[in-house]
Amino acid sequence: MKTYLVTGGAGFIGSNFVKRMLSVYPECKIVVLDALTYAGNLGTLKNELTDERCSFQRGDIGDESFVSGLFKEFPIDYVVNFAAESHVDRSIENPQLFLQTNILGTQNLLDIAKKAWQTGTDPNGYPTYREGVKFLQVSTDEVYGSLGETGYFTETTPLDPRSPYSASKTSADLFVKAYGETYKLPVNITRCSNNYGPYHFPEKLIPLIIKNILEGKKLPVYGNGTNIRDWLYVEDHCKAIDLVLHKGRIGEVYNVGGHNEKQNIEIVKLIIRTIRELMTEHPAYKNVLKKKIYDQAGSLSVDWINEDLITYVKDRLGHDQRYAIDPSKITAELGWTPETPFEKGIVKTIRWYLENQEWVDEITGGEYLKYYERMYTNR
Ligand code: NAD
Ligand code: TYD
């Protein structure tokens, strides 16, 4: 039986990964380490926490004695490091927190894993490790910077981060690589494009637009809305991480992406259309609307859910124009391909939000409201 330390497992992608692992591997043991910042929520793992194979540990990846204690308490074979400050806009507001968690926190995890897994030293002085252990760093395509109209990020594209968030993720990647080279720690790095799906915190584009529509608020589009992201359904990402963890060549970087480029404005328009259509087809969904408008016959109207809600706001500083991943390495080596077409994934996602408003209400308490005001008032 393998034991996985999943850091950031109460966040968006980490929680989807925990759910996947528990359902795919009956014999696994999962230790979730999460600080439960604004982005983490135990309600996300409600079912998993009643599973005796899953243990939740609240703490900071940067806390040396806490993380060392976990390695003493559990026979950890794999570290999958999702824990991070993950939002570009927040990194523009407070870069230092991103250095602390994303860089120093990752280095702390690497150091403790190295010590816990070391069995001896080889004749050249390199540490040797317990059989079958691995440290997987969940990284982002944003480390490669921004693309023009053509081209794709491959694993050999030079690192060129532009935001404090991507600079911190790049630094973390370099430490992971350094531990792989200098101490021969068995590592992999995955670099993924933008994820979407259930349990996505509504500070990010897709869940924020859904939330605002349900509240009858304006839909803020940065700049002129032509920036491009390469969207990947979160479960497809989790499958890729599972494959890299178990089959990836030690020391390698794998890009994970869906060949699914969309301009932000296209996404916003698609969400508007889809919510209107879903509510027309399934009138019960209208119950979740916070703003209720009745037509002359007295039925709830959804005609107001239209493109007039869109408002173009001040652009993000240093806004990367385009991300697009070339996933041919992970496809050729590990047979991974994205399975969820965007058209299906976005409807699944929107339906999930319509059916899980309690989760949204739980995670978007006081801190979120203050954040929203700070970020969007007078933008
Ligand atoms: P998220 O913000 O939803 O979740 C992050 C989780 O980490 C939260 O549960 C939070 O409580 C926890 N956390 C934060 N600081 C911590 C600390 N110091 N110690 C322990 N736990 C801490 O993020 P996400 O979208 O799930 O992203 C997960 C990882 O994937 C991140 O490393 C991110 O850089 C990377 N990534 C995300 C995307 C995306 O589209 N969301 C794309 C590529 C890569
Ligand atoms: P986001 O979801 O924050 O992810 P990332 O910055 O990591 O790509 O943003 C996705 C795109 O949507 C990005 O180009 C910024 C844009 N955006 C808006 O136009 N309005 C918003 O309110 C947000 C949060 C993002």
Side-chain angles (χ1 to χ4, degrees), residues 6-17 32-42 44-45 57-63 66-67 80-92 97-98 100-102 104-106 108-109 137-143 146 163 165-166 168-169 172-173 190-197 199-209 211-212 218-232 234 237-238 241 255-257 262-265 267-268 310-316 318-323 325 363 372 375-376 379:
V6 181
T7 71
F12 167 44
I13 309 174
S15 64
N16 277 282
F17 182 75
V32 176
L33 184 182
D34 200 296
L36 298 181
T37 67
Y38 74 91
N41 179 18
L42 274 190
T44 304
L45 293 173
Q57 305 287 327
R58 183 172 189 175
D60 188 328
I61 56 168
D63 181 338
F66 167 71
V67 179
V80 190
N81 185 26
F82 292 96
E85 287 295 332
S86 68
H87 191 36
V88 173
D89 292 325
R90 289 186 193 252
S91 82
I92 295 168
L97 181 57
F98 285 68
Q100 264 158 20
T101 290
N102 299 1
L104 296 177
T106 300
N108 186 51
L109 285 175
Q137 174 71 1
V138 181
S139 185
T140 164
D141 58 358
E142 304 193 23
V143 301
S146 178
S163 72
Y165 163 69
S166 53
S168 69
K169 292 294 288 184
D173 282 13
T190 55
R191 295 190 179 134
C192 186
S193 57
N194 286 59
N195 283 218
Y196 69 101
Y199 302 106
H200 204 180
F201 190 77
E203 64 188 350
K204 307 280 169 56
L205 180 69
I206 289 180
L208 184 137
I209 294 298
K211 185 174 184 339
N212 278 19
K218 286 287 187 189
L219 311 179
V221 173
Y222 297 170
N224 60 12
T226 60
N227 301 68
I228 290 174
R229 299 293 181 262
D230 181 358
W231 295 92
L232 178 69
V234 63
H237 182 198
C238 292
I241 294 171
N255 282 357
V256 187
K262 301 264 185 259
Q263 288 191 347
N264 295 337
I265 190 66
I267 299 270
V268 174
I310 295 172
T311 171
Y312 291 91
V313 299
K314 202 160 89 205
D315 209 354
R316 175 185 279 172
H319 197 172
D320 288 342
Q321 181 55 34
R322 173 173 167 255
Y323 304 143
I325 285 257
I363 197 160
Y372 194 87
M375 211 48 96
Y376 291 93
R379 184 162 189 145

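Counting starts at 1 for both ligands and their atoms, in listed order.
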Which atoms of ligand 2 have any heavy atom of [X] under 4.0 Å away?
X: Leu208; answer: 22 (O)
X: Glu142; answer: 5 (P), 7 (O), 8 (O)
X: Tyr376; answer: 21 (C), 22 (O), 23 (C), 24 (C)
X: Glu203; answer: 24 (C)
X: His319; answer: 13 (C), 14 (O), 15 (C)

Atom of [X], atom of [Y] and distance for their closest heavy-atom approach:
X: His87; Y: Lys204; result: ND1-CE, 3.3 Å
X: Ala35; Y: Asp60; result: CB-CA, 4.4 Å
X: Leu208; Y: Glu203; result: CD1-O, 3.9 Å
X: Val32; Y: Gly9; result: CG1-CA, 3.6 Å
X: Ala172; Y: Asn102; result: CB-O, 3.2 Å

Protein contact to [atom] [nearest heavy atom, distance to 0.1 Å]:
atom: atom 3 (O) of ligand 2; value: Arg316 NH2, 3.1 Å
atom: atom 21 (N) of ligand 1; value: Ala35 N, 3.1 Å
atom: atom 31 (C) of ligand 1; value: Phe82 O, 3.2 Å
atom: atom 41 (N) of ligand 1; value: Ile13 CD1, 3.7 Å
atom: atom 12 (O) of ligand 2; value: Asn264 ND2, 3.3 Å
atom: atom 15 (N) of ligand 1; value: Thr101 CG2, 3.5 Å
atom: atom 4 (O) of ligand 2; value: Asn194 ND2, 3.4 Å
atom: atom 25 (O) of ligand 1; value: Phe12 CD2, 3.6 Å
atom: atom 19 (N) of ligand 1; value: Ile61 N, 3.0 Å
atom: atom 4 (O) of ligand 1; value: Gly11 CA, 3.5 Å
atom: atom 12 (C) of ligand 1; value: Asp34 OD1, 3.4 Å

Check ligand 1 against [X] and write out every atom of the ligand that is under 4.0 Å from a heavy-atom position of the residue.
X: Asn194; answer: 40 (O)
X: Ser193; answer: 42 (C), 43 (C)
X: Gly59; answer: 19 (N), 20 (C)
X: Thr37; answer: 10 (C), 11 (O), 14 (C), 15 (N)
X: Ser86; answer: 1 (P), 2 (O), 23 (O)
X: Gly40; answer: 8 (C), 9 (O), 11 (O)
X: Lys169; answer: 31 (C), 32 (O), 33 (C), 34 (O)
X: Asp60; answer: 17 (C), 18 (N), 19 (N)

Sub-4.0 Å heavy-atom approach of His87 to ligand 2: yes
Check each heavy atom of [X] against ligand 1 and say whether those closer than 4.0 Å belong to the side chain, the backbone, both or neither.
X: Leu36; value: backbone
X: Arg191; value: neither
X: Tyr165; value: side chain

Donor-acceptor pair, side chain of Asn255 and main chain of Ile325, under 3.5 angstrom: no
Heavy-atom donor-acceptor pair, Thr190 side chain to Ile241 backbone, under 3.5 Å: no
Charged tip of Arg58 within 45° of Phe66 ring normal and under 6.0 Å: no
Side chains of [Y] and [X]: any donor to acceptor distance under 3.5 Å?
X: Ser163; Y: Asp320; answer: no
X: Tyr38; Y: Arg90; answer: yes
X: Tyr376; Y: Asn212; answer: no
X: Tyr165; Y: Glu85; answer: no

With nothing but distance in play, are any N or O atoms of [X] less than 3.5 Å from an N or O of ligand 2?
X: Lys204; answer: no
X: Val221; answer: no
X: Tyr222; answer: yes
X: Tyr323; answer: no
X: Val88; answer: no

Check: Tyr38 N/O within less than 3.5 Å of ligand 1 N/O: no
Close N or O approach (Cys192, ligand 1; < 3.5 Å): no
For [X], is the nearest heavy atom under 4.0 Å from an atom of ligand 1?
X: Ala10; value: yes
X: Phe201; value: no
X: Val138; value: yes

Parallel, tilted or perpendicular: ring planes of Phe17 versus Phe82, cut at 30 and 60 degrees: tilted
Residue pair Val88 / Glu142, side-chain heavy-atom distance below 4.5 Å: yes
